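A, B, ... follow the sequence lines: proteins, then strands. Residue 1 opens every chain. Predicted model, so just to flag it, every value in this text is computed and none were measured.
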There are 2 protein chains.
Amino acid sequence: MKQNLSETCHLFFSTLSNPTRLGILELLKETPMNVTQLAEVLNQEQSMISHNLRPLFRCGFIFAERKGKERIYSLNIETMEPLFKIIENHAEKYCPKMGKCLKH
Amino acid sequence: MKQNLSETCHLFFSTLSNPTRLGILELLKETPMNVTQLAEVLNQEQSMISHNLRPLFRCGFIFAERKGKERIYSLNIETMEPLFKIIENHAEKYCPKMGKCLKH
DNA sequence: ATTTCATATGAAAATATCTTCATATCACCT
DNA sequence: AGGTGATATGAAGATATTTTCATATGAAAT
């Protein structure tokens with residue numbers, strides 16, 4: 001149980017610790033999209049976006065729905081919104097000038 | 001600004017996406033400790049724990065206070081508690097049997 | 001059943017992250 | 001100042017994660 005929570009946290013956080021995947025989440029926050037559209041906007045290969053969508057989906061951070069031959073991805077707002085809110089608040093309070101945190 | 005939030009998220013989440021660091025956070029949730037104690041309980045080298053404390057500290061996930069020649073680390077409960085709560089709730093709701101998520 | 005558009009997958013190469021070891025720094029005491 | 005316990009740091013080797021390329025699968029239309 002305890003072990004599992006720690007494992008879960010690791011899986012979840014490592015899924016979120018990737019610029020491409022964060023970019024995907026930010027885009028999906030605005031509007032649902034398919035892989036091709038995400039690839040276009042993010043200016044990356046379709047296969048790369050696809051690879052990155054998988055862990056997001058597996059973790060339940062995004063949902064997917066078929067529409068013809070497309071697969072429309074959307075954000076799990078219930079989880080992601082409060083999560084980002086926490087980060088935002090934390091950053092504001094504890095890293096007032098981002099530089100401090102972003103530097104090595 | 002936008003760019004910065006994404007960068008911040010990446011930094012924060014990658015800091016949290018490590019079993020050793022999650023272990024440290026779990027221990028500090030119970031009680032403040034110094035590096036040596038953490039190393040003992042986690043059964044790892046002191047230098048390794050020290051290396052891992054750094055990003056946690058830089059991100060403001062933990063605090064540090066000197067006490068003699070020791071440096072006592074403690075958890076930033078304000079941030080970490082709601083963060084873990086979200087993960088827990090999410091896991092419960094979206095990954096009812098952890099296996100689903102934990103498998104490749 | 002074949003073509004087309006949309007998406008997913010496997011495996012190798014490229015890149016980033018961790019761990020370890022040796023050593024440096026720091027605070028306190030004598 | 002020198003010694004000691006506690007902690008931090010640098011750099012390298014060891015591991016893990018990403019990205020890319022080529023190709024496979026899927027769904028719908030002709």
Side-chain angles (χ1 to χ4, degrees), chain A residues 6-25 27-28 31-59 61-74 100-104, chain B residues 6-25 27-28 31-74 101-104:
Chain A
S6 210
E7 270 183 60
T8 307
C9 281
H10 182 215
L11 179 72
F12 283 3
F13 289 134
S14 54
T15 293
L16 293 173
S17 76
N18 173 293
T20 303
R21 293 197 282 275
L22 286 169
I24 291 173
L25 293 174
L27 284 178
L28 294 182
T31 172
M33 280 185 172
N34 66 27
V35 198
T36 308
Q37 295 173 308
L38 286 166
E40 265 169 30
V41 180
L42 291 171
N43 196 33
Q44 309 248 234
E45 299 236 338
Q46 175 271 321
S47 84
M48 190 205 168
I49 302 299
S50 191
H51 274 303
N52 278 294
L53 281 168
R54 191 164 46 178
L56 288 172
F57 181 73
R58 249 196 329 246
C59 285
F61 295 152
I62 59 177
F63 305 123
E65 191 185 1
R66 199 160 262 300
K67 184 186 155 199
K69 34 183 138 175
E70 293 170 62
R71 213 166 127 81
I72 310 290
Y73 288 96
S74 61
K100 234 185 191 172
C101 283
L102 293 175
K103 265 177 221 150
H104 277 247
Chain B
S6 210
E7 270 183 60
T8 306
C9 281
H10 182 215
L11 179 72
F12 284 1
F13 289 132
S14 54
T15 293
L16 293 173
S17 75
N18 173 290
T20 303
R21 292 196 285 273
L22 287 169
I24 292 173
L25 293 175
L27 284 178
L28 295 183
T31 172
M33 281 183 171
N34 67 26
V35 199
T36 308
Q37 294 173 308
L38 286 166
E40 264 169 31
V41 181
L42 292 171
N43 196 33
Q44 309 249 235
E45 299 237 337
Q46 175 271 320
S47 84
M48 190 205 169
I49 302 299
S50 192
H51 275 303
N52 278 293
L53 281 168
R54 192 163 46 178
L56 289 172
F57 180 73
R58 249 197 329 245
C59 285
F61 295 151
I62 60 178
F63 306 123
E65 192 184 0
R66 200 162 261 299
K67 184 185 155 199
K69 32 182 137 175
E70 293 171 61
R71 214 167 128 80
I72 310 290
Y73 289 95
S74 61
C101 283
L102 292 174
K103 265 177 223 150
H104 278 245

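dT19(D) atom C1' lies 15 Å from atom CG of Asn43(A), rounded to whole Å. Rounded to whole Å, atom P of dA27(D) lies 12 Å from atom NZ of Lys69(A). Taking atom CD1 on Ile49(A) and atom C1' on dT9(C), their separation rounds to 16 Å, with Å as the unit. If you measure from atom CG of Leu53(A) to atom C1' of dT19(D), you get 15 Å, rounded to the nearest angstrom. Distance Glu40(A) CD to dC5(C) P: 14 Å, rounded to the nearest Å. Look at CG on Asn52(B): it is 7 Å from P on dC18(C), rounded to the nearest Å. One interatomic measurement links the two molecules: CD of Glu70(B) to C1' of dA6(D), which rounds to 8 Å at whole-angstrom precision. Counting to the nearest Å, the P atom of dA6(D) and the CD1 atom of Ile72(B) are 11 Å from each other.
Contacts of Tyr73(A) with the nucleic acid, taken as non-hydrogen atoms under 4.0 Å apart, involve only primed sugar atoms and P, OP1 or OP2.
Put simply, CD on Gln46(A) and NE2 on His51(A) are 9.0 Å apart, with the number rounded to the nearest 0.5 Å.
In terms of polar N and O atoms assigned as donor or acceptor, the side chain of His51(B) never comes within less than 3.5 Å of the base of dT19(C) in a complementary pairing. Not a single donor-acceptor contact under 3.5 angstrom links the side-chain atoms of Thr36(A) to the base of dC5(C).
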message = Ile24(B) vs Tyr73(B), test: side chain to side chain contact (heavy atoms under 4.5 Å, CB included). Steps then yes/no.
response = CA-CA 10 Å; Ile24(B) 292 173; Tyr73(B) 289 95; over 6 Å; no

inquiry  = With ring pair (Phe, Tyr, Trp, His ring centres under 6.0 Å) as the criterion, how do Phe13(B) and Phe12(A) come out once you've worked through the C-alpha distance, each side chain's angles and the decisive distance to 0.1 Å?
reply    = CA-CA 9 Å; Phe13(B) 289 132; Phe12(A) 283 3; over 10 Å; no

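Phosphate contact (OP1/OP2 of dA8(D), side-chain N/O of Arg54(B), threshold under 4.0 Å): absent. Residue Asn18(B) places none of its side-chain N or O atoms closer than 4.0 Å to OP1 or OP2 of dT17(C). A sub-4.0 Å separation between OP1 or OP2 of dA6(D) and a side-chain N or O of Arg71(B) is absent. Phosphate contact (OP1/OP2 of dG5(D), side-chain N/O of Asn34(B), threshold under 4.0 Å): absent.
For the pair His10(B) and Gly68(B), nearest-nucleotide mapping onto DNA chain C gives the more 5' position to His10(B). Remark on DNA chain D: of its neighbouring residues Ser17(A) and Gln46(B), the 5'-side contact belongs to Gln46(B), judged by nearest-heavy-atom nucleotide. Nearer the 5' end of DNA chain D, as judged by each residue's closest nucleotide, is the contact made by Arg66(B), out of Thr20(A) and Arg66(B).
By the ring pair (Phe, Tyr, Trp, His ring centres under 6.0 Å) test, Phe63(B) is found to be paired with Tyr94(A), residues two or more places apart in sequence or in another chain being considered.
Counting only heavy atoms from C-beta on, Ser47(A) has its side chain closest to dA22(D) among dA22(D), dT9(D), dT19(C).
The nearest pair of heavy atoms linking Glu70(A) to Ile72(A) is OE1-CD1, 3.8 Å.
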